[in-house]
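Report on the following structure.
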Number of protein chains: 2
Amino acid sequence: MDHRCEHVAAGRVGLTGAALAQALDQAGSRCDSGGQRLTAPRRRVLELLLEAEGPVKAYDLIAAFGPDGEAAKPPTVYRALEFLERQGFAHRIQSLNAYVACRLGADIHAAAFLICDCCGATREIEPAGADVLVASAGRDGFVVANLTVEAHGLCAACRAS
Amino acid sequence: MDHRCEHVAAGRVGLTGAALAQALDQAGSRCDSGGQRLTAPRRRVLELLLEAEGPVKAYDLIAAFGPDGEAAKPPTVYRALEFLERQGFAHRIQSLNAYVACRLGADIHAAAFLICDCCGATREIEPAGADVLVASAGRDGFVVANLTVEAHGLCAACRAS
DNA sequence: GGATGTAATGTTATTTCATAACACTTCCAG
DNA sequence: CTGGAAGTGTTATGAAATAACATTACATCC
C-alpha cells in the first residue's frame with residue numbers, strides 16, 4: 001500500500017496563479033447557483049487541495065490552513081472537507097485516509113482512482129464498469145447511493161524503471 | 001454513511017458450532033498447503049470474524065479476543081488481520097474502518113461490498129465490472145494489484161419499509 | 001429595520017484507529 | 001544444536017476523526 005521505491009509522482013502539478021483563481025471562482029459560481037455558500041474556510045481548504053499535486057492528509061490541511069502557517073482546529077477542516085465532498089469538489093481516498101480535489105467533470109459524479117503504490121501518483125478516472133456493478137446490485141434490490149472504487153498497483157512510469 | 005433508521009440487518013448470522021469449526025479447519029488446511037501458519041492469534045481473530053454477523057471493528061476484536069473476556073493488545077489483532085487479508089480470509093471495509101470474514105470463494109479474489117446505510121447489512125459480491133476497470137487502467141499502463149469496491153446505499157428490505 | 005430561525009463557525013476535549021520500536025519465543029533448515 | 005526467519009508480547013505513541021456546546025453570520029418575514 002505504501003511507497004516501495006524512490007520514484008516520485010511525475011508531471012502532475014497542482015494549480016497556481018490564474019488557473020487556481022479560476023478554479024476557485026468556478027467553484028464559487030457553482031455554489032451560488034446551487035444555493036450553497038463557498039465560505040472562507042471551505043474556499044481555503046479547496047485552495048489547498050487544488051494547489052497540491054496529489055492526495056493530501058487531513059492533518060496536513062490543518063497544519064497549512066492559516067496563511068501565516070498557523071494551524072486550524074480539526075473540525076474546521078473536516079467540516080469543510082465534508083462540504084466539498086458533498087458538492088463534488090473533492091473526494092476522499094479511503095485507502096489512504098487522504099483527500100483530493102476533483103479533477104474531472106463539473107458535476108457531482110462517481111469517481112475511481114488509480115493509486116500507484118510506488119510513486120504515490122493518484123489519478124482520478126471515470127469508473128469504467130461501475131454501471132455494471134450498480135445494475136448487478138440493482139437486480140438484488142440494492143440501490144447504490146455512493147460508490148468507492150480505488151485501484152492500487154503500479155503506474156506505467158514505475159513499471160518501466 | 002451510518003444507520004439512518006431502526007432497521008437491523010436481517011437473516012445473516014455468523015457461523016457457530018460445527019460450521020464454524022469446519023470453516024476454521026478449512027482455513028488451516030489452506031494455510032498448510034501454502035506454507036503459511038494459522039497460528040493461535042490468527043485463528044482466534046478469524047473465529048471472531050466468522051462468528052460475527054457483519055463487519056467488526058478492530059477494537060471490538062481486541063476487546064473480545066481473550067476467551068475470558070480479557071482484551072488483546074492492538075498489535076496482536078492488527079497483525080492477525082493483516083495476515084488474514086493477505087491470505088484472502090478476511091477483507092477490510094475501508095469506508096467503515098471494519099473487517100469481515102470472506103464469505104465467498106476459497107481462493108484469494110477481488111471483492112466488492114454492498115453496504116446498507118440503513119440496517120448496516122454488508123454483502124460481499126463478485127465485483128461485476130471490475131474486469132472492465134482493470135482493462136481500462138491497463139490501457140494507460142497501470143497494472144492493478146488490488147481493487148477496493150464499496151457501494152453504499154439501501155438494501156431491498158430497508159427500501160421496502 | 002429589528003426579531004427570528006437556520007446555517008456555519010469557533011473552541012475544547014475526547015474518542016477511535018493504527019503503528020513504531022524492541023525484546024523474546026518458536027520453529028524449521030542446515 | 002545452532003543460526004536465521006517468522007511470529008508474538010509489550011509499552012508507548014502517533015494519526016485520524018468526532019462529540020458537544022458556545023458563538024457568530026445571514027437571510028427573510030413581518
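Protein chains get the first letters and strands the later ones, always in sequence-line order, with residue 1 at the start of each. Worth knowing before you read on, the calculation uses all heavy atoms, side chains too, and leaves out hydrogens, waters and symmetry mates.
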**OP:** Give the rounded distance in Å between these two atoms: CZ of B:Arg43 and C1' of D:dG7.
**Re:** 17 Å
**OP:** Starting from P on C:dC17, measure out to CD on B:Gln94 and report it in whole angstrom.
**Re:** 14 Å
**OP:** For A:Tyr78 and D:dA17, give me the distance from atom OH to atom P, rounded to whole Å.
**Re:** 4 Å
Subject >> Min side-chain heavy-atom separation A:Leu104-A:Ile125 under 4.5 Å >> reply: no
Original post:
Just how far, in rounded Å, is P of C:dA7 from CG of A:Leu38?
Top reply: 18 Å
Original post:
So what does B:Pro75 touch, heavy atoms closer than 4.0 Å: a base, only the sugar-phosphate, or nothing?
Top reply: base
**OP:** Look at the aromatic rings of B:Phe83 and B:Phe89 and report parallel, tilted or perpendicular, splitting at 30° and 60°.
**Re:** tilted
**OP:** Take atom CZ of A:Arg37 and atom P of D:dT24, then tell me their distance rounded to the nearest Å.
**Re:** 16 Å
Subject >> Value in whole Å for how far the P atom of C:dA8 lies from CZ of A:Arg86 >> reply: 7 Å
Original post:
When we call it a touch if two heavy atoms are under 4.0 Å apart, what does B:Arg79 touch: a base, just sugar-phosphate, or nothing?
Top reply: base
**OP:** Look at the side-chain N and O atoms of B:Asn97 and state whether any lies under 4.0 Å from the OP1 or OP2 oxygen of C:dT16.
**Re:** no
Original post:
Between the side chain of A:Asp68 and the main-chain N/O of A:Glu70, is any donor-acceptor distance below 3.5 Å?
Top reply: yes
Subject >> Most 5' of B:Tyr59 and B:Pro41 on DNA chain D, judged by nearest nucleotide >> reply: B:Pro41
Original post:
Side chains of A:Leu49 and A:Leu81: closer than 4.5 Å at any heavy-atom pair?
Top reply: yes
Original post:
For the residue pair A:Phe113 and A:His91, does the interplanar ring angle fall in the parallel (under 30°), tilted (30 to 60°) or perpendicular (over 60°) class?
Top reply: perpendicular
Original post:
A:Lys73 side chain N/O closer than 4.0 Å to the phosphate oxygens (OP1, OP2) of C:dT12?
Top reply: yes
Original post:
Looking across every strand, which nucleic acid part, if any, lies under 4.0 Å from B:Arg42 by heavy atom: base, sugar-phosphate, or nothing?
Top reply: sugar-phosphate
Original post:
Roughly how many Å is it from CG in A:Asp60 to P in D:dA15, rounded to a whole number?
Top reply: 10 Å
**OP:** Whole angstrom is fine here: how far is it from NZ in A:Lys57 over to C1' in C:dA18?
**Re:** 11 Å
